[in-house]
There are 2 protein chains.
Amino acid sequence: MTQDRERRPTLDTIAQRVGVSRATVSNAYNRPDQLSGALRERIIATAKQLGYAGPDPVARSLATKQAGSVAFMLCDGLSSAFSDPALSIMLDALSSTMDTGERSLLLLPGVSGDGPRAQSVMRAQTDVVVAYSLPDNAPALEAVRARDLPLVVVDQPFVPKSARVRVDDRGGAYLAAKHVAGLGHRHVGIVGLGLSADGVGGPVSPQRIEQAHFEVTLDRLAGYREALGEQGILADAVPFWEAPGNAREMGREGARWLFGLEPRPTAVLCMSDELALGAIRAANELGLSVPGEVSVVGFDDTPAASWADPPLTTVRQDLVAKGRQAGELALRMLDGARPGRPVTIGVDLQVRGSTAAVV
Amino acid sequence: MTQDRERRPTLDTIAQRVGVSRATVSNAYNRPDQLSGALRERIIATAKQLGYAGPDPVARSLATKQAGSVAFMLCDGLSSAFSDPALSIMLDALSSTMDTGERSLLLLPGVSGDGPRAQSVMRAQTDVVVAYSLPDNAPALEAVRARDLPLVVVDQPFVPKSARVRVDDRGGAYLAAKHVAGLGHRHVGIVGLGLSADGVGGPVSPQRIEQAHFEVTLDRLAGYREALGEQGILADAVPFWEAPGNAREMGREGARWLFGLEPRPTAVLCMSDELALGAIRAANELGLSVPGEVSVVGFDDTPAASWADPPLTTVRQDLVAKGRQAGELALRMLDGARPGRPVTIGVDLQVRGSTAAVV
DNA sequence: TTGTACGCGTTATCAG
DNA sequence: CTGATAACGCGTACAA
């Protein structure tokens, strides 16, 4: 191993062997038009013969001041992160937008809902950072600022001097709540996403809402309440369960709590499709038919939503557009563009089979 | 932007300002024990004041000859890759095994089932590569060899001088097929994973099997056939549909084809849980009850398998162990260890509600 | 603590 | 045109 390293040929090795300068060998790889074809072939042949695999990527990065990668920061570990189907779709769109084959994707998993460690960010070889739905007190964000790296924030939080892609969360939630209210539901419960990254879940107190670190959750909550308020349903009368993560299991748990309340909600608004699918499961387990006795609404419109039984009524956000926009913003930031105004992805309500008029 | 770069302070800037040498400033960050606390504080303070965020990661990599990242190569794009829940779990285990906070994860998505482009690999700043279930003719593998990077192969294919983690695919498939045969099933169909990365799916011809590029698919097929053969069921009598990817939709399509055959299979062996869930859906849509009229077996035992209705009988592989083993092998390869023998992850059959005796 | 010799390329600028 | 010279880029590590 060590010997390998020592023996590893460099541009100079090839140059000496061929009898040209290092610059010429470099040109053979990066600017074929700068030298004659014959010489280039001789160089490449010699390189192959010596087992030289081309310019070292790290050295090249140092010289060009381009790390050649995009860092993507996640709130959680990979497993929980990718159990969120919305993320995969978004990330795929992002990577195919950016990946000209030149750039790779550096994944910085989060530690326990708090996002990546500051040190991971300090040591990351990257030109630009994309943060995906981090809490507003994530240490990683401070590290990005310290390094003065261009930053694109997806969803949340607000960070000064960064570009941002967000979704009309409040508007989407408003549509969802208005829909069930219009169907006559007056007892409505909410299964929400996290308010803080502390892993705490359960019925939500007003204080906890005040100390929230996730803007998206607050926005969706506000949208729900606004629409329900218009029907004279007060916020106090709307039970709200916080799920500590976006997993079916947690939606199921929250819904089970809601269904045990008196009066039992006839409609459940969920802040994600995964939570909603868990809620449907909970209803089934309690012998409540969906949508006969309980209506359930999701958020995101992931593929699983239309696959579900019954197909899920949900708020659609264009995940591909979101990823593409994030990618384009990142590219633009790389070119030194100013952050500009946040890009907002629109939403609309997909009415399917999981909601019905109250009986 | 450009100005930023030009003005960006370096170790030297700080050193001059504080009146010490560059080496001392470097030590202040990396070897605090090498200098007095007071001096260190003065250095850090000056750095902060000048907006210096610590040693440049790329320069450090050049000096230490450590890129500080693990490259992970995927067969497909991120979206289809992560629609495979088994991958998320495995990758999470891998990243938490390796991530001492020092190392990050470089994701190299594949292009169209063929794995990453060779050029992506040539330019990747990485110390070690983990390849996840690539076809044996993937160009990326040749690039890894050309760069002489340590390689850990997960699942497939065989690559000389690389470490490997695999699963007892043949044994697992054998268990699955033996199970249904033991339940009396004599008309058995197979919904398999891809044989090549060409995106082709459908009923499989013998020639196509001969030209296969995915060993895992062949192993599982062999396991199925072996167990069925022991019951006198010949390979020719076992219809085999190839799904071009691991998605429910494709399992559904394959099962639909099987259910249209004469005689109709009473049991369907699927090479993944996702395919199996699609098969159950297809059965339901045709009014065939599972397991009453049709038995379905999966492979992997992802969380969705036990969530399914009915809960899926499937071959369990320990995905966490797989990821951890891959991570440990990668770490060992980094230390210059020799590849060693392949590590094989054991399997066992989880009998649940999707299989029953033939009527 | 400090000199200082690397590490491995890129990219003007220059000369033949 | 073709190819060479040489000035960076930013740290690390070891001997002094």
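Only this structure's heavy atoms are used, side chains among them; waters, hydrogens and symmetry mates stay out. In the text below, chain A, chain B and the rest are named by the order of the sequence lines, each starting its count at 1.
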What integer distance in Å separates [X]:[atom1] from [N]:[atom2]?
X: Arg60(A); N: dC10(D); atom1: CZ; atom2: P; answer: 18 Å
X: Arg40(A); N: dG3(D); atom1: CZ; atom2: P; answer: 13 Å
X: Leu62(A); N: dC6(C); atom1: CG; atom2: C1'; answer: 13 Å
X: Asp12(A); N: dT5(D); atom1: CG; atom2: C1'; answer: 13 Å
X: Leu11(B); N: dT12(D); atom1: CG; atom2: P; answer: 6 Å

message: Under the rule for side-chain contact (heavy atoms from CB on, under 4.5 Å), what residues qualify as partners of Leu62(A), not counting sequence neighbours?
response: Val58(B), Ala59(B), Leu62(B)
Side chain to side chain donor-acceptor pair (under 3.5 Å) contacts in which one or both residues fall within residues 130-145 of chain A, not counting sequence neighbours: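 Qualifying pairs: Ser133(A)-Gln156(A), Asp136(A)-His213(A), Asn137(A)-His213(A), Glu142(A)-Arg145(A).
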Once side-chain hydrogen bond (donor to acceptor under 3.5 Å, both in side chains) is applied, do any residues pair with [X], and if so which ones, sequence neighbours excluded?
X: Arg60(B); value: Asn30(B)
X: Arg22(A); value: Asp12(A)
X: Ser88(B); value: none
X: Ser120(B); value: none

- prompt: Does CD in Glu41(B) sit with more than 12 non-hydrogen atoms of other residues, nucleotides or ligands closer than 6.0 Å?
  reply: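 Result for CD/Glu41(B): open.
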- prompt: Which of residues 42-52 of chain B sit near DNA chain C, with a heavy atom under 4.0 Å from it?
  reply: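 By residue number: none to list.
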Please set out all donor-acceptor pairs under 3.5 angstrom arising from side-chain atoms of residues 319-334 of chain B, sequence neighbours excluded.
{"unit_1": "Lys322(B)", "atom_1": "NZ", "unit_2": "Asp155(B)", "atom_2": "OD1", "d": "3.1"}
{"unit_1": "Lys322(B)", "atom_1": "NZ", "unit_2": "Asp155(B)", "atom_2": "OD2", "d": "3.3"}
{"unit_1": "Lys322(B)", "atom_1": "NZ", "unit_2": "Gln317(B)", "atom_2": "OE1", "d": "2.9"}

message: Which nucleotide wins on minimum distance to the side chain of Thr64(B), given the candidates dG3(D), dT10(C), dA13(D)?
response: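 Taking heavy atoms from C-beta onward, the closest nucleotide is dA13(D).
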message: As a test of reading the structure: which of dT12(D), dG9(C), dG7(C) is closest to the side chain of Lys65(B), going by heavy atoms?
response: dG7(C)
task: Tell me which residues in residues 17-37 of chain B put a heavy atom below 4.0 Å from DNA chain D, sorted by number, or none.
output: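 Those residues whose heavy atoms fall under 4.0 Å from DNA chain D, taken from residues 17-37 of chain B in numerical order, are Arg22(B), Ala23(B), Ser26(B), Asn30(B), Arg31(B).
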- request: Any pair with a residue in residues 104-113 of chain B that passes salt bridge (charged side-chain N to carboxylate O under 4.0 Å, His left out), sequence neighbours left out, goes on the list, sorted by first then second residue, please.
  value: none
So does [Y] get a backbone contact from the side chain of [X], meaning a donor-acceptor N/O pair under 3.5 Å?
X: Arg40(A); Y: Pro32(A); value: no
X: Asp76(A); Y: Gly110(A); value: no
X: Thr24(B); Y: Val20(B); value: no

query: Under 3.5 Å, is there a donor-acceptor pair between the Ser69(A) and Gln125(B) side chains?
result: no
Degree of bending in the helix from dT1(C)-dA16(D) to dG16(C)-dC1(D) once both end axes are built from five pairs, to 10°: 40°
Between the protein and nucleotides 13-16 of chain C, list the N/O to N/O atom pairs that are separated by less than 3.5 angstrom.
none

